[in-house]
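Counting starts at 1 for both ligands and their atoms, in listed order. Heavy-atom basis, side chains included; hydrogens, waters and symmetry copies ignored.
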Amino acid sequence: MSKTGKEYLQGITDNRQIYLDGKLVEKPMDHPAFKPIYKTAAALYDFQSSNQELMTVTSPVTGNQVSRHWHIPTTRDELIKRGAAHTAMAEQSCGFFGRSPDAVGSIWAGMAANIDFFKQDNEARANAVREYFEYIRDKDLFLTFTIVNPQGDRSKKVGDQGSKHHTCCVVDEDASGITVSGAKMLGTSAVVADEIFTGVQNPLGEGDEDYALSFAMPMGAPGIKILSRRSYTTGATSEFDYPLSTRFDETDALIYFDQVKVPWDRVFVFRRPDLVQAQFHGTYAETLHSLQSQARLVVKMRFMVGVARRITETIGTINFPPVQQTLGWLSMKVTMVDAAFRAALHDPTEYNGYVVPRKETLYGVMAYTQDLYAKFLQEIKELSGGGLIMLPSSADDFAEPEMKSIIEQTQRSSVTDAEGRVKLMKLAWDAVGSEFASRHALYEMFYAGPPFVARDRCFRSFDWDSGTRLVDDLMASYSLEDSITT
Ligand SMILES: Cc1cc2nc3c(=O)[nH]c(=O)nc-3n(C[C@H](O)[C@H](O)[C@H](O)COP(=O)(O)OP(=O)(O)OC[C@H]3O[C@@H](n4cnc5c(N)ncnc54)[C@H](O)[C@@H]3O)c2cc1C
C-alpha cells in the first residue's frame, strides 16, 4: 500500500513557521489560506494509493509501493509509464498544481542518476546524495525547492547586496554540520511540503564560495521561516466565484534561513561555485524536472482550450470563421507541445545506464512555452469579450430574489441557463484574468529560470553539427573557380 493522504497530513504536524499578513500562522492546516491546498495535496496521495499500478513502483529497499517519479527508467517502456504518471497527477489539478510532489521528486531522481557527479566535491557529499535520495523515496516525501538567490540588484555580486542576510550563505561549520543564514526565492508549495531542498541556479564565481551550497532540511527545522505571499484563497468570495483559486493556490514564499543548523549528511555541495549550478545540468535533474513540467503544461493547455471552446459555444460565436481560426491556433499549439512531450518519451537516449528523454527536446519545448502561455491567455480573453466581467459580484447575488430575476433575464445563452453561463464565465475568469491566473502566467514564464537562461540551455544542448554539416556539404559541392564564367 502506498502513502495515503491521511498519512501525508500526519507527517505535516510539525512546528513550521509560516508568516502571513503580519502573523505567525498557528495551525496551517486549519488556516483558511492553506486548508484547501493541504486537502488538494492529500488528495494526490489518495489518488496514487488508489491507482498504484499507474502511479507507483516498489522500493528496492523497503519493498513498499512509492511514487513512480522516484524510479529512474531503465527501459523506454518505463519512461513512457513515468510520463503517464506525471500526466495523471497533473490531471488531478487540471495542471494548476505546478509543484506537485513529482516536480522536485523528479529533480532528485535526475540527481540520483549521476551520483558520481557529487564525488567531484568529495565521497562524503556523494554518499549524502545517495542516502538522502533513498530516504525521501522510501518515505515518499513531498519536497519543495529554492534554487534562486533573492532578486536584489542583479548587476552586483551575490555578496554585495547591501545586507549580510540577503542571500542564504554558510556562516559557521563544525564537525556536525554547517550553519546557514539568509534568504532564497521562491518556495512554491513550501507550506505543504515535507522538506525543502536548496541550491543555486544563478551563476557564481570566485569569491562566492559561502553561497555555493546545496542542502535539504525538514520544513519545520528550527530557524526556517516561510514568508508567504498573499493568499488568493482567502481573497476569493466562494468556490462558485473562484473555483481554481479556492482549490489550487499552491502558495509561494520567500524562505528565510535564520541560523539553521544543517548536518553534514544533508549537505550535497559545499563551497563549490563550479558545482552548485552544474548539479542541475551536469546530472539529469533539469531534464527529468522538465518532463514533469511539460506533462503538466499539456494538461493545463488542454484545459484552457476546453474553456475557450465552451465560451464560444456559450456566447454563440463558435461558427464564426475568425473564431474558428483562433480556436484552431489554440489547438495547434497544444498539439505541438503534446507532440514534443511524446517525442521526449518515445525517442529517448541513454544516460549512465538509464533511459531518459533527450535534453534538447525538453529544453526546446520548455523555452518555446515560456511566453506561449501568456499568448494563450490573450487569445482566450479576445474570444471572451466583456462576458468575463459582465458577471454578478458573487454567488450571493443569486440569493436575492430581485437580483436573481435580473440575472436570469440578462445572462442569456442558447446552450445553457443563467447559472450555467455565470458558472463558466467565472471559471474562465479565474483561469485567465484573476490574480491567481496572473500568477500562473508569471509561473509559466519563470518557473524554470528566466527566458534568457532557457534559451542558453537550447544553445548548449542543440545538435549544431546536424545543421552546419548540411551547410558545409552544400558549400563543398560548388566553388568560386567553377562559377567564374569569364
Ligand atoms: C510564480 C513563481 C513561482 C516560483 N517558484 C519557484 C520555486 O518553487 N523554486 C525556486 O527556486 N524558484 C521559484 N521561482 C523563481 C524563479 O525560478 C525565478 O523567478 C527565475 O529563475 C527568474 O529569476 P528572477 O525572478 O530573480 O529574475 P531575474 O534573474 O532578476 O531576471 C529578471 C529579468 O531581468 C533580465 N535579466 C536579468 N539578468 C539578466 C542577464 N544576466 N542577462 C540578460 N537579462 C537579464 C531578464 O529580462 C529577466 O527576465 C518562482 C517564480 C515565480 C514567478
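Looking at atom 9 (N) of ligand 1, its nearest protein heavy atom turns out to be F145 O, 2.8 Å. M185 CE, 3.4 Å is the protein heavy atom nearest to atom 25 (O) of ligand 1. Here the heavy atom of the protein found nearest to atom 29 (O) of ligand 1 is R154 NE, 3.3 Å. The single protein non-hydrogen atom nearest to atom 2 (C) of ligand 1 is Y443 CD1, 3.9 Å, given as residue, atom name and distance. Of the protein's heavy atoms, Q151 NE2, 3.6 Å lies nearest to atom 27 (O) of ligand 1. The nearest heavy-atom contact from the protein to atom 48 (C) of ligand 1 is P450 CB, 4.0 Å. With hydrogens left out, the protein atom closest to atom 21 (O) of ligand 1 is G449 CA, 3.3 Å, a heavy atom.
Put simply, the side chain of K333 does not reach to within 4.5 Å of the side chain of Y373, judged on heavy atoms. Under the 4.5 Å side-chain criterion, counting only non-hydrogen atoms from C-beta, L213 is not in contact with V267.
Of the candidates Y447, F452, F446, the one placing a heavy atom closest to atom 16 (C) of ligand 1 is F446. Heavy-atom proximity to atom 10 (C) of ligand 1, evaluated over L186, V104, T188, is greatest for L186.
If you look at Y242 and W429, their ring centroids are not closer than 6.0 Å.
Every atom of ligand 1 with a heavy atom of V148 under 4.0 Å away is listed here by number and element: 11 (O), 12 (N), 17 (O), 21 (O). Those atoms of ligand 1 that come under 4.0 Å of a heavy atom in T146, given as number and element, are 11 (O). Residue R439 approaches ligand 1 through these ligand atoms, each under 4.0 Å from one of its heavy atoms: 1 (C). Listed by atom number, the atoms of ligand 1 under 4.0 Å from Q201 heavy atoms are 21 (O).
The N/O atoms of G187, backbone and side chain alike, include none that comes under 3.5 Å of an N/O atom in ligand 1.
For atom 33 (C) of ligand 1, the nearest protein heavy atom is 4.0 Å or more away. Counting only heavy atoms, the protein gets under 4.0 Å from atom 36 (N) of ligand 1.
At least one heavy atom of I147 sits closer than 4.0 Å to an atom of ligand 1.
Using the six-membered ring where Trp is involved, Y8 and Y45 have ring planes that are parallel, under 30° apart on the 30 and 60° scheme.
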